[in-house]
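Structure, as structure tokens:
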Number of protein chains: 2
Amino acid sequence: MANRRTGPQRQEPLSREAIALSAIALADDEGLEAVTIRRLAQQHGVTPTALYWHFKEKDQLLDGMAEQLFADVQLPPEDSAPWQHQLRSVLEAFLAALRPHPAVVALLPSRILASPAGLALTERTLSLLRRGGLQPERTAEVGGYLLSAIVALVTAEPGREHPSEEEARDDAIRAKRASLIALSPRRFPTVIWCADALANCASPDEYYAFNLDMLIGGVTTIADALDDDADAALPRSE
Amino acid sequence: MANRRTGPQRQEPLSREAIALSAIALADDEGLEAVTIRRLAQQHGVTPTALYWHFKEKDQLLDGMAEQLFADVQLPPEDSAPWQHQLRSVLEAFLAALRPHPAVVALLPSRILASPAGLALTERTLSLLRRGGLQPERTAEVGGYLLSAIVALVTAEPGREHPSEEEARDDAIRAKRASLIALSPRRFPTVIWCADALANCASPDEYYAFNLDMLIGGVTTIADALDDDADAALPRSE
DNA sequence: ACCTGAACACCGTTCAAGT
DNA sequence: ACCTGAACACCGTTCAAGT
């Protein structure tokens, strides 16, 4: 589990990409707040100030981490399926890239339009909404939000914040569940009814699939509403 | 605009609430990363270590900030409207509390079940989904996600990251738009088509209303699908 | 081109002490 | 009960210098 702690490494020169990859690994292991110029330098056997040759400031390192995640997205090939189905495939591909790195995803929403791979993902998403009949303002608003909503899906996975070591994780889940069960049944009956599933996600795959169904269902609803408006505006068109 | 900078204030003893409120104001003005034990102490005319009498550690200060925002939510009274309509009203109330404090909302998803006011919001949300026919696992998964999706709605508002001073803001929007317009029209035709709306939100109210329509439409879709399943399982019920 | 070393301003936090 | 003061380990960043 613990990441390369093999002390100072003599090796070929550093690269932006190598630093960003080890930063992602460090975030995966210990959280985003563990990603520090000084710790990364130590892992690479180098002085903290050496990193400033590769990145002008820490924010550019975070940009590099985000870019790596966007580059992991395996966009499905375009096909002739209905646009809603293709949209679901695109969002699933984004989700698949994010799930291994939940600690990093908070970096993505503000950086998607500044990253080449993020732009490719955005282009695919927006073009499918356009095919659904949305005007440019709606396309931008809904498309941009959908991508952030996928990020939020990872952030909000029940039980995601618990530790990953099995025993400590079980303890945390039990403690969370107990704290919910102990609430007033008069004021919080439904929280208590849901306590198990709020404390931990029994099946993450079902959590993701069901909420994706919801998002796609919502997009379909608003696209259909636009069609109805168009029908109403052009009464006996066709 | 600038916040009470009137130097050391001699006054009645500090309180958790007063510190959390000034922390929110500081985040509104200068972003969450400006919220520092030392700066807050300075604003209150007190030594940094004085804050440790009120909060065991900085994380508890962040808890207090989140609790204040949850307490701002004005939950609508229960009524006899369809559950989807009531759910929309609850989400609108949450959104109204968040919009004045976009820099703070990232604190909320991980803290909602640890805050009394957050639990009240969760209870209302879950109880309406239960009324929609969802089982406890789905209720927890969808309800928890919906609340995070509202937070993401604020985070992802186009143009939200630009500065708030009018002139600098116009410059940032123009620069963002120009950078999108300059992309390859062959590879990014739809991004270019949407460039204006991606660079800035012409009407935030419409952005929020339209995406809320989408979320409510999605919840309705999955609840209806459950009804259909039930109908199929009990063929000529009724 | 790529990295070191010294230095600076700024963090969160502990602990003993004051009133 | 509420706050001060000194101290510690840890940040990001600049700049001049080395090879």
Side-chain angles (χ1 to χ4, degrees), chain A residues 2-27 29-66 103-104 106-107 110-111, chain B residues 2-27 29-66 103-104 106-107 110-111:
Chain A
N3 217 39
R4 345 244 154 292
R5 290 289 152 56
T6 33
Q9 312 253 16
R10 281 283 110 255
Q11 57 196 19
E12 64 267 28
L14 287 177
S15 69
R16 283 179 69 97
E17 198 178 76
I19 299 169
L21 286 175
S22 61
I24 290 171
L26 183 53
D29 279 3
E30 306 185 30
L32 200 52
E33 74 284 357
V35 174
T36 262
I37 298 282
R38 297 173 113 102
R39 282 207 53 185
L40 288 172
Q42 189 182 337
Q43 284 192 7
H44 287 275
V46 108
T47 255
T49 50
L51 300 202
Y52 282 84
W53 196 90
H54 302 276
F55 299 98
K56 190 184 161 240
E57 50 185 5
K58 189 182 178 185
D59 209 57
Q60 290 196 357
L61 165 63
L62 303 180
D63 294 347
M65 297 171 69
V104 182
L107 299 174
S110 65
R111 291 172 168 87
Chain B
N3 217 39
R4 342 247 158 292
R5 291 286 153 57
T6 32
Q9 312 254 16
R10 283 283 110 254
Q11 57 197 20
E12 64 266 28
L14 287 178
S15 69
R16 283 178 71 98
E17 197 178 77
I19 299 169
L21 286 174
S22 60
I24 291 171
L26 183 54
D29 279 4
E30 305 184 31
L32 201 51
E33 73 283 358
V35 174
T36 262
I37 298 281
R38 297 173 114 101
R39 283 206 53 185
L40 287 172
Q42 189 182 337
Q43 283 192 7
H44 287 276
V46 109
T47 255
T49 50
L51 299 203
Y52 283 82
W53 196 88
H54 301 275
F55 298 98
K56 189 184 162 245
E57 50 185 4
K58 189 183 177 183
D59 209 57
Q60 290 196 358
L61 165 63
L62 303 180
D63 293 347
M65 295 171 70
V104 182
L107 300 174
S110 66
R111 291 173 168 88

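Each chain gets a letter, A, B and so on, in the order the sequences are listed, and its residues count up from 1. Only a predicted model underlies this, so the values are computations on that prediction, with no experimental measurement involved.
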Whole-Å distance between [N] [atom2] and [X] [atom1]?
X        : N       : atom1 : atom2 : answer
Arg39(B) : dC10(C) : CZ    : P     : 10 Å
Glu33(A) : dG12(C) : CD    : P     : 14 Å
His44(B) : dT4(D)  : NE2   : C1'   : 17 Å
Trp53(A) : dC2(C)  : CH2   : C1'   : 6 Å
Gln42(B) : dA9(C)  : CD    : P     : 15 Å
Ile19(B) : dC2(D)  : CD1   : C1'   : 11 Å
Leu51(B) : dG5(D)  : CG    : C1'   : 15 Å

Under the 3.5 angstrom rule, does the side chain of Gln60(A) hit a backbone N or O of Lys56(A) as a donor-acceptor pair?
yes

Protein-nucleotides 13-15 of chain C N/O pairs closer than 3.5 Å?
unit_1: dT13(C); atom_1: OP2; unit_2: Tyr52(B); atom_2: OH; d: 2.9
unit_1: dT13(C); atom_1: OP2; unit_2: Lys58(B); atom_2: N; d: 2.9
unit_1: dT13(C); atom_1: O5'; unit_2: Tyr52(B); atom_2: OH; d: 3.4

Is any side-chain heavy atom of Ile37(A) less than 4.5 Å from a side-chain heavy atom of Tyr52(A)?
yes

Establish, from distance only, whether the side-chain atoms of Ser15(A) and His54(A) form a donor-acceptor pair under 3.5 Å.
no

Are His54(A) and dC3(C) close enough that a side-chain N or O sits under 4.0 Å from OP1 or OP2?
yes

With a 4.0 Å limit, can you tell me whether Thr36(B) has a side-chain N or O closer than that to the phosphate oxygens OP1/OP2 of dG12(C)?
yes

For the CD atom on Glu17(A), are there more than 12 heavy atoms of other groups (residues, nucleotides or ligands in this structure) within a distance under 6.0 Å?
no

Looking only at non-hydrogen atoms, find the nearest pair between Ala23(A) and Val35(A) and report the distance.
O-CG2, 3.5 Å

If you measure from [atom1] on [X] to [atom2] on [Y], what distance do you get to the nearest 0.5 Å?
X        : Y         : atom1 : atom2 : result
Leu40(B) : Leu14(B)  : CG    : CG    : 10.0 Å
Thr49(B) : Arg38(B)  : OG1   : CZ    : 9.0 Å
Leu61(A) : Leu107(A) : CG    : CG    : 9.0 Å

Would you please enumerate the stems DNA chain D participates in, each stem being three or more consecutive Watson-Crick or G-U wobble pairs with both distances under 3.5 Å?
C:4-8 with D:12-16, C:12-16 with D:4-8

Both Val35(A) and Thr47(B) contact DNA chain D. Which one's nearest nucleotide lies toward the 5' end?
Thr47(B)

Pair Asp59(A) + Arg111(A): basic N to acidic O under 4.0 Å:
yes

